[in-house]
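Sequence lines set the chain letters: A, B, ... in the order given, protein chains first and strands last, and positions in each chain run from 1.
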Amino acid sequence: MAYSERVIDHYENPRNVGSLDKDDEEVGTGIVGAPACGDVMKLQIRVEDGVITDARFKTYGCGSAIASSSLVTEWVKGMRVEQALEINNSQIAQELSLPPVKIHCSVLAEDAIKAAIRDWQAKQQAQVS
Amino acid sequence: MDAMNHFARLGLAPSCDIDAGALENNYLALQKRHHPDGTANGTVSERRLAMEISSAVNEAYRVLRDPVRRVEYLCRLGGVDLDSSDPNGGAPTMSQSFLIEMIDRRDALEQTRARGHAALDELRAKVEREQDDALAFALVSLRSGSIAAAAVALVERRYLQRLVGEIDGEV
């Protein structure tokens, strides 16, 4: 199957690959998997004053899964948490011209950013109480 | 979905423990009976029917002769489709600890690779044993009627299979 140019670009030059300290109070970590194919994705964000200042990912999966997570980290940097929560998979799929059989990769990336934000939110609530 | 399931198609009762000899014999007999060549002089609809049955028989055989596909198919008959990510009736979501372990083990792969072929082969053999264990656990679960537990074990097996792919350097 032919990958779109955008996918190949992110696959060959992935943005923001790496890890943040998951125990840091300002860091949210989302780990998700695609049971059908065995892809796993870790997406992390650092939040300061409600703004995402850094984002990192590690994805073990196909080119579309790597590109989807790479794109999301690029997008969320500089976004407010509430804005990042609104990212949905169809935006990712559209940006990367994903074919129908690869839509689940964009769903995975959406799930990962949402999970990372939830993790960060849980840490903030734990701090308050 | 096809009104006739793969087991019925090949004249077998749905079970994890099928008789391999009966599978083979029934398959060959059906393939012979419905071979498209046998209806070469028949009407269009006879030929079409023979072709449809013949391809359904082939598909059933392809699934049932493979121990992993067979067990996955039994899950599907039990209402869990591992190829679907639907929260209702799709593949079960794995625990965070399992997913973290899968990430960590993939992260560690580079170091193992740096230690050379022997280390990589050893790891590969270990992951393959884990895959076998997961399949065995799925079988035990199915025999005791727990489709949910079998489905989790089979998904675990898929992640491990993918890990073997990573070890082999597949993308």
Side-chain angles (χ1 to χ4, degrees), chain A residues 1 3 7-8 10-12 14 17-23 27-44 56-70 89 93 100-112 114-116 118-119 122-123, chain B residues 68-69 72-73 75-76 80-110 112-113 127-128 130-131 134-135 138 148-171:
Chain A
M1 182 185 36
Y3 282 123
V7 170
I8 291 168
H10 275 278
Y11 178 69
E12 288 180 346
V17 174
S19 290
L20 301 171
D21 176 10
K22 69 174 169 44
D23 297 322
V27 170
T29 302
I31 295 172
V32 294
C37 56
D39 284 1
V40 276
M41 186 181 285
K42 178 171 83 170
L43 204 152
Q44 296 182 297
R56 295 291 152 117
F57 82 95
K58 260 190 183 175
T59 293
Y60 293 96
C62 67
S64 301
I66 290 169
S68 295
S69 36
S70 172
N89 81 286
V101 293
K102 291 293 179 184
I103 295 297
H104 71 276
C105 299
S106 62
V107 175
L108 207 57
E110 179 192 332
D111 289 348
K114 289 201 159 74
R118 274 200 307 276
D119 181 54
K123 279 182 181 174
Chain B
V68 174
R69 286 211 175 100
E72 291 187 347
Y73 183 66
C75 273
R76 198 170 126 196
V80 181
D81 182 357
L82 299 180
D83 291 318
S84 158
S85 53
D86 192 323
N88 301 310
T93 305
M94 301 304 279
S95 68
Q96 278 289 295
S97 59
F98 177 79
L99 292 176
I100 289 169
E101 184 200 321
M102 285 294 107
I103 294 258
D104 288 347
R105 292 180 72 177
R106 283 157 172 78
D107 280 348
L109 209 51
E110 234 165 283
T112 312
R113 210 182 290 285
V127 180
E128 285 191 328
E130 290 175 59
Q131 279 192 73
L135 180 62
V152 169
L154 288 170
V155 168
E156 195 178 302
R157 207 202 137 273
R158 285 189 174 189
Y159 280 103
L160 292 167
Q161 185 176 16
R162 194 55 195 266
L163 180 57
V164 170
E166 304 264 354
I167 292 169
D168 292 343
E170 291 168 9
V171 178

For chain A, the option from B/Arg106, B/Gln96, B/Arg157 that forms the most heavy-atom pairs under 4.5 Å: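 If we count pairs closer than 4.5 Å to chain A, B/Arg106 comes out on top.
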
If you count heavy-atom pairs within less than 4.5 Å of chain B, which of A/Ala115, A/Cys37, A/Pro35, A/Ser19 leads?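 Heavy-atom pair counts peak at A/Pro35.
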
Does this structure show an ion pair linking B/Arg158 with B/Asp83, if we count only N-O contacts that are shorter than 4.0 Å?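 A salt bridge is present here (some side-chain N lies under 4.0 Å from a carboxylate O).
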
In plain terms, say whether B/Glu101 and B/Arg105 are close enough for a salt bridge, that is, a side-chain N and a carboxylate O under 4.0 Å apart.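 Answer for the salt bridge query: yes.
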
Passing option when A/His10 is tested against A/Ser70, A/Ser64, A/Ser68 for side-chain hydrogen bond (donor to acceptor under 3.5 Å, both in side chains):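 The single option meeting the side-chain hydrogen bond (donor to acceptor under 3.5 Å, both in side chains) with A/His10 is A/Ser70.
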
Side chain, backbone, both or neither: which part of B/Asp107 has an atom under 4.5 Å from a heavy atom of chain A?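 Interface part for B/Asp107: both.
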
Under 4.5 Å from any heavy atom of chain A - which part of B/Leu99: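 Both parts, backbone and side chain.
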
Side chains of B/Leu82 and B/Val155: does their closest heavy-atom pair fall under 4.5 Å?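 A side-chain contact under 4.5 Å exists here.
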
Under a 4.5 Å heavy-atom cut-off, does chain B meet the side chain of A/Val107, its backbone, both or neither?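 Neither part.
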
Quick one: CZ on B/Phe98 to CD1 on B/Ile103, what's the gap to the nearest 0.5 Å?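 If we round to the nearest 0.5 Å, B/Phe98:CZ and B/Ile103:CD1 are 11.0 Å apart.
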
